[in-house]
Amino acid sequence: MISLTQVSKIYAEGRPNQVTALSGIDLTIARDAVTVLRGPSGSGKTTLLSLVACMARPTAGRVTLDGETVSGLPERFLTELRRTTFGFVFQRFNLIRGLSVLENVMLPAAPLGAPHAQVRARALERLAALDLADKAGTKVEHLSGGETQRAAIARALINDAPVLIADEPTANLDTALTERFLEIVAALRAEGRTVVMTSHDPRIWGAEGVDAVVELVDGRIAGEYA
Ligand code: ADP
Ligand code: MG
């Protein structure tokens, strides 16, 4: 369970370009559930997701993970926490150019020290599930937008992290691949994993298997429904 109490996030605080991205956020994200953060562009979805995933610190307020306050932890603890707790699909994907799809997908597993053959088999399995098996050897810069997105999803799944974090994961996917992604999400949930994602795609927040939708407007929670 991830909880935020009276959280705010201000960018460029004290400067003329100061932006209050979030304010007064009280939110509990359940374990073993699929939560979608929705709202218009600029409403604070990515910022909220980054706080939930311990990638950024709130300007004020508290973030707790299973009852432990994480918002004040030193960076080295946060790095370790991120590695063991979260799998990420970033909006800009952050795949490494010059490396193949397979190498990119295997990369997050390296610091955890699992046997190479085992990681490779798991990576190929994830790629096959996302219809990318035939692109395993392709350098990521040669992929289409949708393929890049699927490679990023496969990479996020490689460590079997308990919490999958995804920022607009289906933005470049057609309906069939969006459904495939939702099937993967449903399978993760059935395994007892937690999924938190942002989306302004009605196919996502209307989907069966989504347990909670949190609606953001101007950096505030405007509604929560199941
Ligand atoms: P969303 O994901 O819903 O589009 P964001 O969380 O990306 O919203 O952004 C919320 C607000 O914070 C926007 O006004 C955006 O311009 C601003 N913002 C986001 N990231 C930064 C940043 N690193 N520096 C300054 N302003 C930012
Ligand atoms: Mg965003």
Side-chain angles (χ1 to χ4, degrees), residues 2-29 33-65 70-73 75 78-79 82 85-95 145-146 148-153 155-157 161 163-174 177-178 181-182 184-185 194-207 210-225:
I2 304 163
S3 285
L4 288 82
T5 310
Q6 280 300 302
V7 160
S8 65
K9 181 70 179 181
I10 301 171
Y11 292 111
E13 195 170 14
R15 283 186 256 145
N17 56 341
Q18 173 172 318
V19 177
T20 301
L22 294 173
S23 49
I25 301 288
D26 287 314
L27 178 66
T28 295
I29 291 179
V34 177
T35 299
V36 177
L37 311 178
R38 69 173 273 203
S41 179
S43 59
K45 301 182 296 296
T46 297
T47 302
L48 182 53
L49 193 69
S50 69
L51 293 175
V52 165
C54 303
M55 292 175 65
R57 293 165 195 279
T59 305
R62 193 153 47 99
V63 180
T64 65
L65 182 65
V70 290
S71 37
L73 287 178
E75 191 51 39
L78 288 183
T79 304
R82 281 195 289 267
T85 308
F86 302 105
F88 296 97
V89 183
F90 297 103
Q91 210 160 7
R92 288 179 196 281
F93 312 131
N94 297 15
L95 296 173
T148 306
Q149 194 141 23
R150 282 178 281 150
I153 293 166
R155 187 187 52 179
L157 298 174
V163 185
L164 177 71
I165 296 285
D167 199 3
E168 306 281 355
T170 62
N172 296 308
L173 302 186
D174 65 20
L177 285 170
T178 296
F181 174 73
L182 286 167
I184 290 169
V185 166
T194 306
V195 179
V196 189
M197 56 186 160
T198 66
S199 186
H200 54 241
D201 182 347
R203 293 174 302 189
I204 295 291
W205 26 267
V210 169
D211 300 289
V213 177
V214 177
E215 186 163 10
L216 285 173
V217 176
D218 290 338
R220 292 182 175 275
I221 294 177
E224 273 184 74
Y225 48 96

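Just follow the structure's listing: the first ligand is 1, and inside any ligand the first atom is 1. Numbers here simply count residues along the sequence, with the first being 1.
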Aromatic rings F88 and F90: how do their planes relate, parallel, tilted or perpendicular, breaks at 30° and 60°?
->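 Ring orientation, 0 to 90° scale: parallel.
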Beyond-backbone contact of P58 with V63, side-chain heavy atoms, under 4.5 angstrom |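 A side-chain contact exists here, since the closest heavy-atom pair is under 4.5 Å.
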Flag the pair R220 / S23 as yes when at least one side-chain heavy-atom distance between them is below 4.5 Å, and no otherwise.
->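 They are in side-chain contact.
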Minimum heavy-atom distance Q149-E168, with the two atoms named =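 Taking every non-hydrogen atom into account, NE2-O, 3.1 Å.
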Looking only at heavy atoms, which two atoms of R155 and N94 are closest? And how far apart?
->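 R155 and N94 have their closest heavy atoms at NH1-O, 2.8 Å.
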Is the closest N or O pair between G44 and ligand 1 shorter than 3.5 Å?
->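 It does: an N or O of G44 is found under 3.5 Å from an N or O of ligand 1.
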Heteroatom proximity flag, V19 to ligand 1, N/O under 3.5 Å |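 Not met; the criterion fails.
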Could you tell me the residue and atom name of the protein heavy atom closest to [atom], and the distance to it rounded to 0.1 Å?
{"atom": "atom 7 (O) of ligand 1", "result": "T46 CB, 3.7 Å"}
{"atom": "atom 6 (O) of ligand 1", "result": "T47 OG1, 2.5 Å"}
{"atom": "atom 12 (O) of ligand 1", "result": "A21 CB, 3.5 Å"}
{"atom": "atom 22 (C) of ligand 1", "result": "Y11 CD2, 3.5 Å"}

Can you tell me if [X] uses its side chain to pair, donor with acceptor, with the backbone of [Y] under 3.5 Å?
{"X": "T35", "Y": "I29", "result": "no"}
{"X": "Q6", "Y": "R62", "result": "no"}
{"X": "K45", "Y": "G39", "result": "yes"}

Are any of the heavy atoms in [X] under 4.0 Å away from ligand 1?
{"X": "P40", "answer": "yes"}
{"X": "G42", "answer": "yes"}
{"X": "G39", "answer": "no"}

For the Mg ion (ligand 2), does an N/O/S atom of S41 lie at less than 2.8 Å?
->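 It does not: S41 brings no N, O or S atom closer than 2.8 Å to the Mg ion (ligand 2).
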Do any non-hydrogen protein atoms sit less than 4.0 Å from atom 16 (O) of ligand 1?
->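 No; the ligand atom in question lacks any protein heavy-atom contact below 4.0 Å.
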May I ask whether atom 19 (C) of ligand 1 is less than 4.0 Å from at least one protein heavy atom?
->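 Yes; the ligand atom in question has protein heavy-atom contact below 4.0 Å.
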